[in-house]
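Labels below follow one simple rule: chain letters A, B, ... track the order of the sequence lines, proteins then strands, and each chain is numbered from 1. It should be emphasised that the depicted structure is a prediction, and the values quoted were computed from it without experimental measurement.
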Amino acid sequence: MKISKEEVLHVAKLARLSFSEKEIGLFTHQLNQILIYMEKLNEVDTSKIEPTYHALEITNVFREDDIKPSLDKEKVLSNAPKKDRDMIVVPRVI
Amino acid sequence: MKYEAVIGLEVHAQLLTDSKIFCSCSTKFGAPPNTHVCPICMGMPGVLPVLNKKVLEYALKMALATHCKIAPYSVFARKNYFYPDLPKGYQISQYELPLAEDGYIEIEVDGKKKRIGITRIHMEEDAGKLIHDPYRPLSYVDFNRTGVPLIEIVSKPDIRTPEEAVAYLKMLRSILRYLEICDGNMEEGSLRCDANISLRPLGSSEFGVKTELKNMNSFRHVERALSYEIERQKSILESGGRIVQETRLWDETKGITRSMRGKEEAHDYRYFPDPDLVPIVIDKDWIEEIKRGLPELPSEKKRRFISQYNLPPYDAEVLTSSKSLSEYFEETLKEYNRPKVVSNWIMSELLRQLNKDKKEVTECLIRPKDLAGLLKMIEEGTISGKIAKSVFEEMYMTGKTAKEIVKEKGLVQITDETALRGMAKGILDRYPNQVKEYKGGKKKLLGFFIGQIMKETKGKANPQLVNKIFKELLDEE
């Protein structure tokens, strides 16, 4: 087993997802299949290869420090389920 | 058992750019809620963040000013967690391959110099602001601050006392301000500090269990919170208990730290490189260019003030504590080249007024050349040192020059010896008893006579001259 049921539950919790017992079993199985498949990569000798941090080869893309108009407040708040005095209202977290 | 504290600080500094780190929204403080936001900083699907070049330049400046090694190749990473002030569900930060590592700054506590190491400096975006409802279990989210550029400066665990922590923080702030990349305002949150602290038996080289302290919004808070935490941990260890690794909040009104129970403590951020932002490559030429643009930094300037102007270290320390104050000092010297005299006036009169009004020297109505003008009038004997102090106050309030004030109020010092001698004689005639006592040996009464003439002249009599005249009159009679 590459990944345990507990680890799957932990990842689900971090992602704020909840699953039925059946789904957890299914995902544990599927994730294991994926990880076993990924294991194949370990068969390649990469000792002389620099780690890849990015898929693109381009570097140093910048913008100048210029201000452009922001989004209309109405649009900003249009997706908020609850709003009050131009702020988004959420359950208290602290 | 004797314990030693091991302290490391994580400092977040908001950078003074006009626009945010990855989008073109304004960073201006105090705008109405949710008016400085766009699809990029709100984390809408399909948007593409692009790094603000100035953020990188500012971060490089700080890295070089603190003797860090610049990474030739560095990348941004996503730090994943859920919190209502974080619209994307991740913060763009740097994790592996940060911009700069392994630097140091020098601090001085009780005259002893000490080097505090810097583990790393990286760039990241700020989160939004939550306002908690005082009555209902609700919070209000304002995303204006989301995406405002920050640098995080992580110290090595080289700090041993709360005093050192404050000295380190003050030095960092001073460097940030000299570089003009952060305003350093702790109360407003443009400079924020978290601390990691543990105790260990003195002489041991292992680390104890640490706690993380948050919510310290001033130098004083940092010092008090660390002192409290040292005592708290000490009493637990001394009674045979164990420290729990946790985050604790400083409560300034109660003067205690308390556990942040309830908040998710499992730090499992699942960092990974951000595919939306391309890597940053810094070559030697760029580093050299930034280096050439660095201003004289506080520690160098302090050394120069001591050697060039012959100032005591304390004066040099105070005068170089802010770039604008050091410039004020040197501007004044251009017109009046007596460093110690200028230093005395700045350190006593000027800073007293500014501190009282919580103002910066840049807001001061007295311009350097006006201060020089005042000092010249004292040196030339036009006004006495005592009068000068009230003239100074008037200048500070009104922005008028010393000349104008002295002329308006007729404060020119009386140096006419004949006139003063006449007044002195009159005073001696009026106080025959005191004269007798003086002659009987009570020489202290000289001060009394001088006081009388000062009263009559409203302080305008030249004190040295008056002193001489009375001595002559009393001793010759």
Side-chain angles (χ1 to χ4, degrees), chain A residues 2-18 27 31 34-35 38 41 46 49-94, chain B residues 17-20 22-28 32-39 41-42 44 50-56 73-75 77 80-84 89 96-97 130-133 136-144 260 262-264 266 268 270 273-275 277-282:
Chain A
K2 287 280 157 205
I3 189 167
S4 68
K5 187 180 153 190
E6 285 65 39
E7 282 171 296
V8 174
L9 283 169
H10 176 64
V11 173
K13 187 184 172 222
L14 290 172
R16 301 292 190 278
L17 295 171
S18 57
F27 292 145
L31 286 168
I34 294 167
L35 291 171
M38 296 303 281
L41 288 177
T46 55
I49 295 173
E50 285 287 308
T52 302
Y53 287 94
H54 207 282
L56 296 176
E57 294 205 354
I58 45 171
T59 58
N60 292 7
V61 176
F62 306 120
R63 37 169 282 271
E64 295 303 315
D65 183 28
D66 297 325
I67 300 172
K68 287 182 187 150
S70 295
L71 202 59
D72 280 345
K73 203 165 56 190
E74 286 65 37
K75 282 190 177 163
V76 170
L77 297 167
S78 61
N79 284 338
K82 238 178 127 185
K83 54 204 154 193
D84 186 2
R85 281 160 288 176
D86 293 335
M87 288 183 278
I88 296 156
V89 182
V90 296
R92 196 175 175 139
V93 276
I94 210 167
Chain B
T17 55
D18 292 332
S19 67
K20 292 187 178 180
F22 300 121
C23 66
S24 304
C25 290
S26 167
T27 56
K28 205 167 167 35
N34 295 308
T35 53
H36 288 169
V37 291
C38 74
C41 52
M42 289 279 280
M44 297 294 173
V50 182
L51 179 61
N52 181 340
K53 193 175 183 187
K54 198 162 251 175
V55 171
L56 178 59
Y73 182 90
S74 88
V75 298
N80 300 282
Y81 65 97
F82 287 112
Y83 209 65
E96 287 176 274
L97 310 185
L130 286 177
I131 297 155
H132 303 296
D133 194 301
R136 294 175 296 171
L138 297 174
S139 299
Y140 303 87
V141 194
D142 173 6
F143 285 130
N144 281 347
M260 238 177 115
K263 202 195 167 184
E264 191 176 0
D268 193 346
R270 295 146 294 145
D274 191 318
L277 288 149
V278 297
I280 301 157
V281 172
I282 314 277

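With a threshold of 4.5 angstrom between heavy atoms, B:Asp274 approaches chain A through N, CA, C or O but not through any side-chain atom. For a residue to count as touching a neighbouring chain, one of its non-hydrogen atoms must lie under 4.5 Å from one of that chain's; by this rule B:Phe22 touches chain A with the backbone only. Using a 4.5 Å cut-off between heavy atoms, B:Ile131 contacts chain A through its side chain alone, with no backbone atom that close. For A:Lys75, no part lies near chain B; criterion is any non-hydrogen pair under 4.5 Å. Only the side chain of B:Pro84 comes within less than 4.5 Å of a heavy atom of chain A; its backbone N, CA, C and O stay farther away. For A:Asn79, the part sitting under 4.5 Å from any heavy atom of chain B is the side chain, from C-beta outward, and nothing else. Of the two parts of B:Cys23, only the backbone, made up of N, CA, C and O, holds a non-hydrogen atom closer than 4.5 Å to a non-hydrogen atom of chain A.
Residues B:Pro32 and A:Lys73 form no side-chain contact, since every pair of their non-hydrogen atoms from C-beta on lies 4.5 Å or further apart. With a 4.5 Å cut-off on side-chain heavy atoms, A:His10 and B:Asp268 count as touching. At least one side-chain heavy atom of A:Met87 sits less than 4.5 Å from a side-chain heavy atom of B:Pro33. Annotation: side chain of B:Ile280 is in contact with side chain of A:Asn60 (closest heavy-atom distance under 4.5 Å). Looking only at side-chain heavy atoms (C-beta outward), A:Ile67 and B:Lys28 stay at 4.5 Å or farther from each other. Within the 4.5 Å cutoff, the side chain of B:Ser24 has no heavy atoms near those of the A:Asp66 side chain.
With values rounded to the nearest 0.5 angstrom, A:Lys68 atom NZ is found 11.0 Å from B:Cys25 atom SG. Rounded to the nearest 0.5 angstrom, A:Leu14 CG and B:Tyr81 OH are separated by 14.0 Å. Of the inter-residue distances, the one linking A:Ile88 atom CD1 with B:Phe143 atom CZ reads 4.5 Å to the nearest 0.5 angstrom. Atom NZ in A:Lys83 sits 15.0 Å away from atom OH in B:Tyr140 (nearest 0.5 Å).
Considering every non-hydrogen atom in both A:Glu64 and B:Asn52, the closest pair reads C-OD1, 4.3 Å. Heavy atoms only, all atoms of each residue included: A:Ser70 and B:Val37 are closest at CB-O, 3.2 Å. Here the shortest heavy-atom pairing between A:Ile58 and B:Pro279 reads O-CD, 3.6 Å.
The backbone N or O of A:Asp86 lies less than 3.5 Å from a partner atom in the side chain of B:Asn34, making a donor-acceptor pair. Between the side chain of A:Arg92 and the backbone N or O of B:Asp133, at least one donor-acceptor pair lies under 3.5 Å.
Of the residues considered (A:Ala55, A:Ala15, A:Ala80), A:Ala15 shows the highest number of contacts with chain B, using heavy-atom pairs under 4.5 Å. By number of non-hydrogen pairs under 4.5 angstrom with chain A, the leading residue of B:Leu56, B:Thr35, B:Val55, B:Leu97 is B:Leu97.
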